[in-house]
Amino acid sequence: MIHRIYQVLFDLYGEQHWWPCKTGNRWEIVTGAILTQNCAWRNVEKALENLTSAGMDTPENILHAELETLCKAVRPAGFSNQKSVYLKGIAAFFLEHESEYCQETSESELHNRRKKLLSVKGIGRETADSILLYAFQQPVFVIDAYTRRLAGRHLGIDEALPYDRLQEIFMSALPRDVQVYNEYHALIVQFCKESCLKKGCGEICQRVLGKE
DNA sequence: GACCAGGCACATC
DNA sequence: GATGTGCATGGT
């Protein structure tokens with residue numbers, strides 16, 4: 001069923017072309033992954049624009065920027081006191097480790113890389129997986145609030161399951177394929193934004209359910 | 001004015 | 001390991 005819903009959503013919406021950063025560069029994806037924590041993407045875009053126009057669009061520049069200046073730039077994305085500190089942390093990490101994260105790797109080494117990312121302050125499971133998948137094209141499925149709701153409402157899965165367990169369920173039901181993981185997460189977000197997972201039950205939701 | 005938005009750290013049990 | 005709370009801002 002997990003794979004079937006993917007097909008239905010893909011037929012419905014087509015390719016999503018995430019990550020929706022303007023330049024699509026790796027560092028911008030990493031930055032966006034932090035900034036979007038509990039925040040609408042349109043506000044992230046404002047913060048990203050601020051960072052670019054202030055010349056704080058590389059890890060080097062973030063690292064050397066005044067915390068206060070950085071904080072001000074990311075304010076539209078909320079939690080700016082936290083996120084500005086997080087950005088400095090991931091900037092330092094990125095400068096040291098970027099090259100090793102680009103390479104394809106075994107399952108166990110990927111697990112280690114994820115673990116190392118999780119040790120950076122401000123990087124939780126969802127953010128780490130977003131970075132691995134969207135910035136480094138590693139085969140990791142991202143679980144977010146939308147995925148939980150989809151799982152709960154349409155797949156008969158307990159949406160309160162721990163993150164890693166849910167991830168395991170999705171990954172074991174899908175081919176180990178970066179493009180599939182990438183598109184599926186984006187499609188779920190698109191679906192949830194337009195469908196009954198928000199309020200009421202819209203036409204799109206009906207159509208999808210009808211095909212199940 | 002309430003509620004939500006592509007979470008996370010930390011304390012506590 | 002599970003649960004609760006604080007963290008900030010902008011749009012609807």
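Chain identifiers are assigned alphabetically (A, B, ...) following the order of the sequence lines, protein sequences preceding nucleic acid strands; residue numbering begins at 1 within each chain.
Ion pairing between a basic and an acidic side chain is recognised when a charged N comes within 4.0 Å of a carboxylate O; A:Arg149 and A:Asp144 show no such pairing. Salt-bridge annotation for A:Glu100 and A:Lys116: present, with a side-chain N of the basic residue lying under 4.0 Å from a carboxylate O of the acidic one. We find that A:Glu159 and A:Arg153 are not joined by a salt bridge, their nearest charged nitrogen and carboxylate oxygen being 4.0 Å or further apart.
A straight line from NZ of A:Lys72 to P of C:dA8 spans 17 Å, rounded to a whole angstrom. The distance between atom CG of A:Leu133 and atom P of B:dG6, rounded to the nearest whole Å, is 17 Å. The distance from atom CD1 of A:Ile34 to atom C1' of C:dC7 is 15 Å, rounded to the nearest whole Å. Taking atom CG on A:Leu161 and atom C1' on C:dG1, their separation rounds to 13 Å, with Å as the unit. Atom-to-atom, CD of A:Glu159 to C1' of B:dG6 comes out at 16 Å; the value is rounded to the nearest Å. If you take CD of A:Glu45 and C1' of B:dG6, they are 12 Å apart, rounded to a whole angstrom. Going from atom CG of A:Leu35 over to atom P of B:dG7 covers 13 Å, rounded to whole Å. Counting to the nearest Å, the C1' atom of B:dG7 and the CD1 atom of A:Ile131 are 12 Å from each other.
In this model, a donor atom of one side chain and an acceptor atom of the other lie less than 3.5 Å apart for A:Tyr134 and A:His185.
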Nucleotide by nucleotide, nucleotides 8-13 of chain B touches protein heavy atoms under 4.0 Å in the pattern (B base, S sugar-phosphate only, - none) SSS---
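For the P atom pair drawn from C:dT5 and B:dG6, the interatomic distance equals 24 Å after rounding to whole Å.
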Base-pair string, DNA chain C, Watson-Crick plus G-U, cut-off 3.5 Å on both distances, | for inter-strand, is |||||||.||||
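In this structure, the side chains of A:Ile34 and A:Ile123 come closer than 4.5 Å at one or more pairs of heavy atoms. A 4.5 Å side-chain heavy-atom check between A:Ile29 and A:Ile131 finds every atom pair outside the cut-off. Under the 4.5 Å side-chain criterion, counting only non-hydrogen atoms from C-beta, A:Gln37 is not in contact with A:Phe79. The side-chain heavy atoms of A:Pro139 and A:Asp177, taken from C-beta on, include no pair separated by under 4.5 Å.
A sub-4.0 Å separation between OP1 or OP2 of B:dC4 and a side-chain N or O of A:Arg149 is absent.
Cluster note: A:Leu63 groups with A:Leu95 through ILVMFWY side-chain heavy atoms spaced under 4.5 Å, whether in direct contact or through intervening members.
No aromatic stack links A:Tyr146 and the base of B:dG6, using centre distance under 5.5 Å and interplanar angle under 30°.
Formation of a donor-acceptor pair under 3.5 Å by the A:Thr69 side chain with backbone atoms of A:Ala65 is not found in this model.
Taking the ring centroids of A:Phe93 and A:Tyr101, they lie under the 6.0 Å cut-off.
Contacts of A:Glu168 classified as salt bridge (Lys or Arg N to Asp or Glu O under 4.0 Å), with partners at least two apart in sequence or in another chain: A:Arg165.
The two residues A:Trp27 and A:Asp57 have their closest heavy-atom pair at CD1-O, 3.2 Å. Residues A:Arg176 and A:Tyr181 approach most closely at CA-OH, 3.4 Å, considering heavy atoms.
The stretch residues 137-145 of chain A touches DNA chain B through A:Asp144, each having a heavy atom within less than 4.0 Å of the strand.
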Got a list of protein N/O to nucleotides 9-12 of chain C N/O distances below 3.5 Å?
{"from": "C:dG10", "atom 1": "O3'", "to": "A:Lys46", "atom 2": "NZ", "distance (Å)": "3.0"}
{"from": "C:dG11", "atom 1": "OP1", "to": "A:Lys46", "atom 2": "NZ", "distance (Å)": "2.6"}

